Structure formats: structure tokens, C-alpha cells
Amino acid sequence: MPKLALATIVAQDAIDAAPALLGCKLIHDSQEGTTSGIIVETEAYSQDDEASHSFGGPIARTQVMFGPPGYAYIYFTYGMHYCFNVVTGGEGNGQGVLIRALEPVSGLELMARRRFATAKQLPLLDKQLHDVSNGPAKLVQAMAITKADYGVNLLINGRLRLEAGTVPKHIVQTTRVGIRRAADAPRRFYIAGNPFVSRR
DNA sequence: CAGATGATGTTCT
DNA sequence: GAACATCATCTGC
């Protein structure tokens with residue numbers, strides 16, 4: 001069963017867009033080569049959500065979340081990590097979907113080289129393979145997404161873009177990871193049984 | 001295996 | 001000062 005058009009998916013509120021983005025593909029063209037992966041884990045953040053960066057209204061850092069859907073919201077955290085979100089919902093409404101894990105599709109060796117200091121040879125061991133992109137900051141590093149990608153349109157044919165995929169068979173809905181406020185809200189979604197999910 | 005902890009810089013109280 | 005949408009590495013079972 002094919003996915004809805006991406007523009008339709010991201011126009012929904014984050015709580016609906018988050019599961020709908022599972023199975024879609026994220027693609028990045030770079031000088032080094034192309035990397036891509038299937039989105040297997042997401043979290044929804046909305047303006048009325050205490051845990052969201054958009055809670056309380058727009059500030060400089062979160063401006064893009066209040067713009068039209070389908071753009072990249074990238075933030076820096078813990079002094080060393082970047083994370084990547086897809087802006088969702090209507091303009092003027094601060095929302096986004098955090099992409100928490102990818103299943104590599106192409107450019108696996110390049111992704112592994114970016115993640116690990118030493119150049120790994122394919123095939124990777126299972127431990128190394130899963131570790132390439134099973135976390136929000138890990139996939140950003142593997143895909144070489146940077147703050148320069150903040151605010152790019154992911155729906156057009158740019159260097160960083162989304163592509164519709166197939167609807168996953170089973171989706172699990174549960175609580176989000178690494179937050180204190182609204183910790184009980186079931187706003188995390190992942191593809192059941194997928195080995196690249198960051199945690200169960 | 002689980003749990004604790006340090007790294008490191010921006011944002012919040 | 002403390003918290004933070006994290007990760008790698010350490011300790012102890």
C-alpha cells in the first residue's frame with residue numbers, strides 16, 4: 001500500500017504526521033556521495049506540549065517550526081549533538097516531528113565512516129551496523145546533516161529531502177525518550193521489530 | 001545485562 | 001547555576 005503524498009503527510013498535526021512519516025525515506029546528497037535511509041522511529045512535538053521547543057511561542061532558534069510544513073528544524077543540544085526534525089502542521093503553529101532512527105538504504109559505508117573514527121570495512125558487524133543510525137544524533141552524524149541544513153525545504157528536489165515510502169505493517173506507540181516534562185505522553189512511534197529502533 | 005557518569009555549549013530559571 | 005528531544009564509556013552485577 002503506497003503512502004500519501006509527503007505534502008499531505010506533513011500538513012497534518014505532529015501527532016498524526018509522526019506515525020505517517022514511518023516508512024518514508026530521508027536522502028542526502030553530498031560531495032562524498034549519497035546516503036539514504038528509511039525512517040523507523042519518530043516523536044511528535046507540538047506547541048501545547050511542555051516538552052516541545054515550540055512551547056510558549058516562537059523564539060529565534062525555533063522560528064522554522066512556526067512556518068509552513070516540510071522544512072527542517074535542526075537544534076544543537078548537550079553541548080555536542082545536533083538533532084533533526086520535520087516541521088509539520090499549519091503555518092503559525094509550532095510543531096515538528098523528531099526523527100529518532102533510520103534504517104540505512106544506500107551509502108552505508110559512507111555512513112559508517114562518518115560515525116566511526118576508523119574506516120570500517122563492509123560488511124559491518126551487527127553491533128556496528130545498528131549503531132550507525134539508531135539514535136537522533138547518530139543519524140544526523142551518519143547523514144552529515146548540519147546546522148546549515150536548518151530551514152531547508154525537504155519536499156523539493158534539494159540536497160536533503162524526503163521521499164514517500166510504504167506503510168509499515170505494525171507501528172508501536174509509546175512514551176518519548178530523554179524528556180522530563182510530559183514524560184507520560186505517548187508521542188513516540190516506531191516500526192515494530194525493526195532492529196534500528198533506538199530502544200523499545 | 002543495568003545503571004552511573006563525563007563531555008560540552010546553549011538556553012532557561 | 002541548572003537543565004537539556006544525547007552518546008560513549010565506565011562500573012558492577
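In the text below, chain A, chain B and the rest are named by the order of the sequence lines, each starting its count at 1. The shown structure was predicted, so the numbers you read here are calculated from the model rather than taken from an experiment.
- Counting any heavy atom pair closer than 4.0 Å across all strands shown, A:F76 reaches sugar-phosphate atoms only and no base atom.
- In terms of the side-chain contact (heavy atoms from CB on, under 4.5 Å) criterion, residue partners of A:P58 (sequence neighbours excluded) are, by chain and number, A:Q63, A:F66.
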Given side-chain contact (heavy atoms from CB on, under 4.5 Å), test A:L102 with A:V132 step by step and report yes or no.
-> CA-CA 9 Å; A:L102 293 179; A:V132 163; over 6 Å; no
Give the table of side-chain donor-acceptor pairs shorter than 3.5 Å for residues 31-39 of chain A, with sequence neighbours excluded, one pair per line with atom names and distance.
unit_1, atom_1, unit_2, atom_2, d
A:E32, OE1, A:R114, NE, 3.0
A:E32, OE1, A:R114, NH2, 2.8
A:T34, OG1, A:D29, OD1, 2.7
A:S36, OG, A:S106, N, 3.4
A:S36, OG, A:S106, OG, 2.6

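- OP1 or OP2 of C:dC7 has not a single side-chain nitrogen or oxygen of A:H81 nearer than 4.0 Å.
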Contacts under 3.5 angstrom, residues 7-24 of chain A side chains, donor-acceptor by atom type, not counting sequence neighbours:
unit_1, atom_1, unit_2, atom_2, d
A:Q12, NE2, A:I9, O, 3.0
A:D13, OD1, A:Q95, NE2, 2.9

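- Pairs of residues two or more places apart, or lying in two chains, that qualify as ring pair (Phe, Tyr, Trp, His ring centres under 6.0 Å) and include a residue from residues 151-200 of chain A are A:H130-A:F196.
- Close approach of DNA chain B to chain A, defined as any atom under 4.0 Å from a non-hydrogen atom of the protein, starts and stops at B:dA7 to B:dC12.
- When the side-chain contact (heavy atoms from CB on, under 4.5 Å) test is applied to A:N153, the partners found at least two apart in sequence or on another chain are A:Y71, A:L155, A:I156.
- Taking a pair as Watson-Crick or G-U with both hydrogen-bonding distances under 3.5 Å, the stems of three or more pairs touching DNA chain B are B:1-7 with C:6-12, B:9-12 with C:1-4.
- Of the candidates A:R199, A:R188, A:R200, A:R176, A:R188 is the only one forming a salt bridge (charged side-chain N to carboxylate O under 4.0 Å, His left out) with A:E41.
- For the side-chain hydrogen bond (donor to acceptor under 3.5 Å, both in side chains) condition, the pairs that include at least one residue of residues 73-87 of chain A, sequence neighbours left out, are A:H53-A:Y73.
- Shown for residues 82-101 of chain A: residues whose heavy atoms fall under 4.0 angstrom of DNA chain C, namely A:C83, A:N85, A:L98, A:R100.
- Residue contacts for A:A137: at a heavy-atom cut-off of 4.0 Å it reaches the sugar-phosphate backbone alone, with no base atom in range.
- Residue pairs that meet the ring pair (Phe, Tyr, Trp, His ring centres under 6.0 Å) test with at least one member in residues 13-37 of chain A, sequence neighbours left out, do not exist here.
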Indicate for each nucleotide in nucleotides 8-13 of chain C, in 5' to 3' sequence, whether protein heavy atoms under 4.0 Å reach the base (B), only the sugar-phosphate (S), or nothing (-).
-> S-----
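- The side chain to side chain donor-acceptor pair (under 3.5 Å) search around A:R159 returns A:D149, not counting sequence neighbours.
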